[in-house]
Amino acid sequence: MNLMDQRAKWKVTAMLEKRSLLVAVNILAGLAILFFGYDQGMMGGVNGSYAYVERMGFGYMDHNGDPVVTKTLLQGGIVSVYYLGTLIGCIIGGSVGDRIGRIKTLAFGALWGIFGACLQCTAMNSNWMIGARLVNGIGTGILNAIVPVWASEISEYTSRGQFIAIEFTLNIFGVVLAYWLEFGLSYIDNGRSEFQWRFPIAFQIPMLLILLASCWAFPESPRWLCLANRDNEALYVLERLRGTTGEDAGKAERELQEIQAVVELERSTKGTSYFHMLFGLGDEKLHVGRRVQLVMWLQILQDWSGIAGITMFAPTIFRIAGFASHKAQWIAGLNNIFYTFATLICVFTLDKIGRRWTLWWGAAGQALAMFLAGGFSRCGLNATAAGDAQRASQWGAGAAAMVFLYTFIFGATWLTVPWLYPAEIFPLKVRAKGNAWGVLGWSLGNGSLTLALPYIVSAIDEKTLYVFGACNVLSIPIVWALYPESNQRTLEEMDLLFAADSPWVWAAEKNFKLLKAQNPAIASHDGHRSDSDAEKAMKSSTDHFDVAPGQPNYDKD
């Protein structure tokens, strides 16, 4: 039997089934997301290393042991070039993922990441580090483009949100791991050892090696297998995922029939390149261009809500509030631990209250926390200038509490949804590419923020937090007007949801109800329809394609 055959006896799929298999898949996907969090959070500590600042030549350390940056553009450029790499990587990952499969693409991304980590931990100057960061970012971008897609295609639609939310709990654990590892290493040789920054970078390599070695034993997406005309393997994977006895009998066959109908209908789909997707060319009735814009801007809004600044520059923000360097580092580390526990809330709420309500209450709470943090910070700075250390400490504690509150709310809301939404709303044939557009938006948002943030902080101090607060306020009407709810809806229903020519949510929902009434068999959720019922549903979909302007009705997941 071919080693890549999904029915091989050595694969995890042959040993586990149903919930245990889904848990195993979530662990592997979580490892990839853990690496992502670690990789993103790692540079915060590296930037504060005396040996790193000296080696890269963008500053020096003052008498208190704090880094003094004299070449802000160089420091920001080394950090932000990583996001240029993720931008390139997500484009590669989306294209490759739709061609060669999810598992091979995952391995491909791990290889890139290993190569980039090796280059980074051996860097001898800033030019070397810039090139290494670019390469490492490409690997991360490939993984970010494919892992959420793979996970969402294997999970059931009723628990997609929980599935992805669990992975992003591990993402934040990666940030915490990076922070405390670097905090502990800062005590070596009074923080002057090159080991302090080289080891945390090298620590990525074992994670990626495990990912690379183990991914081959895990099931390929049954949806991609159908695209590759490997239907027998797809059925086997579905049987292991969904079960074959009792109430589960026949479930895999019905799901396979629906996927096959999707594949057959999508064979005539035109305009699947990134260029066509961005501008909605080739098949305007799908409104793929609109979906691309939605996922990109959702990620950019997430970045500019303030979390990237807090993750990477938390010690700086706390020092503005009046804390000393050492105390600021402790508070930032505790904030990250608090952040990790907050992500567990999303695990239990995301599939219950939906994506839109999660974003709404998150943005409102984050805005309030940011505005209060900015105000308390200003009061702390004024007290410090007046020589009142006790009052400055009190105001600083208030500012720190608001940053804790912001991080808690973000972990429970905005952390997960912008990564989940792109993996839900795109048609099967371009799902990996669609998710890549979301990663591209994240790369643009993070890259612009990390490059500009040092200048913003140095120019307006605590008013930086007001900028973040305003971005949160702005996101509320944007989500309300433009982002339809994807919770508890199959991918077929997503196509109905985006069928309206109008971009407004109320028009989309009205049109969605009309199409469901005209095609009642399309979105049956009871899981008990026959193969002929599925065929009729899909045929009904195409027969009513032109009932209302621009109605695509073909994608069932």
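Everything numeric in this text was worked out from a predicted model, so none of it was measured.
Using a distance-only test at 3.5 Å, with no hydrogens or angles considered, no donor-acceptor pair links the side chain of Tyr406 to the main chain of Leu368. Of the possible donor and acceptor atoms, none in the side chain of Arg102 sits under 3.5 Å from a partner among the backbone N and O of Val147. Without hydrogens or angle criteria, Asp388 side chain to Thr384 main chain gives no donor-acceptor distance under 3.5 Å. Within the 3.5 Å criterion, the main-chain N or O of Ile91 finds no donor-acceptor partner in the side chain of Ser95. Counting only distance, with no hydrogens or angles, the side chain of Thr340 and the backbone of Asn336 share a donor-acceptor pair below 3.5 Å. The main-chain N or O of Val417 is never found under 3.5 Å from a side-chain atom of Arg355 such that the two would form a donor-acceptor pair. Side chain of Gln299 to backbone of Pro418: a donor-acceptor contact under 3.5 angstrom is found. Not a single donor-acceptor pair under 3.5 Å links the side chain of Arg431 to the backbone N or O of Val149.
Between Ala145 and Cys90, the closest heavy-atom pair is CB-O, 3.7 Å. The minimum heavy-atom distance between His287 and Asp501, with the atom names listed, is NE2-OD1, 3.2 Å. Closest approach of Leu87 to Ser443, counting heavy atoms only: N-OG, 3.3 Å. Nearest approach of Ala373 to Ser377, heavy atoms of both residues: O-OG, 2.8 Å. Cys118 approaches Thr122 most closely through the heavy-atom pair O-OG1, 2.8 Å. Nearest heavy atom pair, residue Phe410 against residue Ser305, reads CE1-OG, 3.7 Å.
Rounded to the nearest 0.5 Å, atoms CD1 (Ile78) and CG (Leu73) are 10.0 Å apart. One finds the CD1 atom of Ile164 at 11.5 Å from the CG atom of Leu415 (value rounded to the nearest 0.5 Å). From Lys463, atom NZ reaches atom CG of Leu465 across 11.0 Å, with rounding to the nearest 0.5 Å. Atoms CG and CG, from Leu359 and Leu301 in turn, are 9.5 Å apart once rounded to the nearest 0.5 Å. Here the straight-line distance linking atom CG of Leu211 with atom CG of Leu111 works out to 10.0 Å at 0.5 Å rounding. The line from CE of Met370 to CG of Leu405 is 10.5 Å long, rounded to the nearest 0.5 Å.
Side-chain contact between Asn435 and Val439: present, with at least one pair of heavy atoms (C-beta onward) separated by less than 4.5 Å. Inter-residue side-chain proximity for Thr140 and Phe35 is flagged as met; some heavy-atom pair is nearer than 4.5 Å. For the pair Leu34/Asn171, no side-chain contact is recorded, criterion being any heavy-atom separation below 4.5 Å from C-beta on. The side-chain heavy atoms of Met43 and Gln75, taken from C-beta on, include no pair separated by under 4.5 Å. Residues Trp360 and Ser475 are not in side-chain contact: their nearest non-hydrogen atoms beyond the backbone lie 4.5 Å or more apart. Side-chain contact between Met277 and Arg291 is absent, with no heavy atoms from C-beta onward closer than 4.5 Å. In this structure the side chain of Trp419 reaches within 4.5 angstrom of the side chain of Gln302, judged on heavy atoms. Side-chain contact between Trp414 and Ile307 is absent, with no heavy-atom pair separated by less than 4.5 Å.
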- Step by step, work out the side chain to side chain contact (heavy atoms under 4.5 Å, CB included) result for Tyr339 and Val175. CA-CA 10 Å; Tyr339 186 11; Val175 175; 5.6 Å; no
- Query: Yes or no on side chain to side chain contact (heavy atoms under 4.5 Å, CB included) for Ser152 and Glu424, after CA distance, side-chain angles and deciding distance?
  - Reply: CA-CA 7 Å; Ser152 67; Glu424 291 184 307; 5.7 Å; no
- Item | Verdict with supporting geometry, Ile138 and Thr86, side chain to side chain contact (heavy atoms under 4.5 Å, CB included) | CA-CA 5 Å; Ile138 291 174; Thr86 61; over 6 Å; no
- Item | Gln196 and Ile188: CA distance, side-chain angles, deciding distance, side chain to side chain contact (heavy atoms under 4.5 Å, CB included) verdict | CA-CA 7 Å; Gln196 180 188 349; Ile188 298 177; 5.9 Å; no
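Using cut-offs of 30° and 60° for the angle between ring planes, the Trp112 and Phe108 rings count as perpendicular. Ring pair Phe168/Phe36 is perpendicular by interplanar angle, where above 60° counts as perpendicular and below 30° as parallel. Using bins of under 30°, 30° to 60° and over 60° for the plane-to-plane angle, the ring pair Tyr38/Phe203 lands in the tilted bin. Under the 30°/60° scheme for interplanar angles, the aromatic rings of Tyr83 and Trp442 are found to stand perpendicular. Between Phe183 and Tyr187, the angle of the ring planes goes over 60°, which puts this pair in the perpendicular group of the 30/60° scheme.
Between Phe426 and Phe498, the distance from one ring center to the other does not fall under 6.0 angstrom. Between Phe404 and Phe408, the ring center distance fails the sub-6.0 Å criterion.
The number of heavy atoms from other shown groups lying within 6.0 Å of CH2 (Trp304) is above 12. For Phe173, the CZ atom counts as loosely surrounded, since its 6.0 Å shell holds 12 or fewer non-hydrogen atoms of other residues, nucleotides or ligands. With a 6.0 Å radius and a threshold of 12 heavy atoms from other residues, nucleotides or ligands, Trp504 has its CH2 atom at or below the threshold. Surrounding CZ of Arg391 are at most 12 heavy atoms belonging to other residues, nucleotides or ligands under 6.0 Å away. Within a 6.0 Å sphere centred on CZ of Phe115, other residues, nucleotides and ligands contribute 12 heavy atoms or fewer. The environment of CH2 in Trp361 is crowded: more than 12 heavy-atom neighbours from other residues, nucleotides or ligands sit within 6.0 Å.
For Ser193 and Tyr50, the side-chain atoms include no donor-acceptor pair closer than 3.5 Å. Under 3.5 Å, the side chains of Asn382 and Arg378 contain a donor-acceptor pair of N or O atoms. Asp351 and Gln162 are not linked by any side-chain donor-acceptor pair at a separation below 3.5 angstrom, with hydrogens and angles left out of the test.
For the side chain to side chain donor-acceptor pair (under 3.5 Å) criterion with Tyr82, the lone passing option out of Asn446, Asp39, Asn136 is Asp39.
The salt bridge (Lys or Arg N to Asp or Glu O under 4.0 Å) analysis of residues 470-486, with sequence neighbours excluded, yields no pairs.
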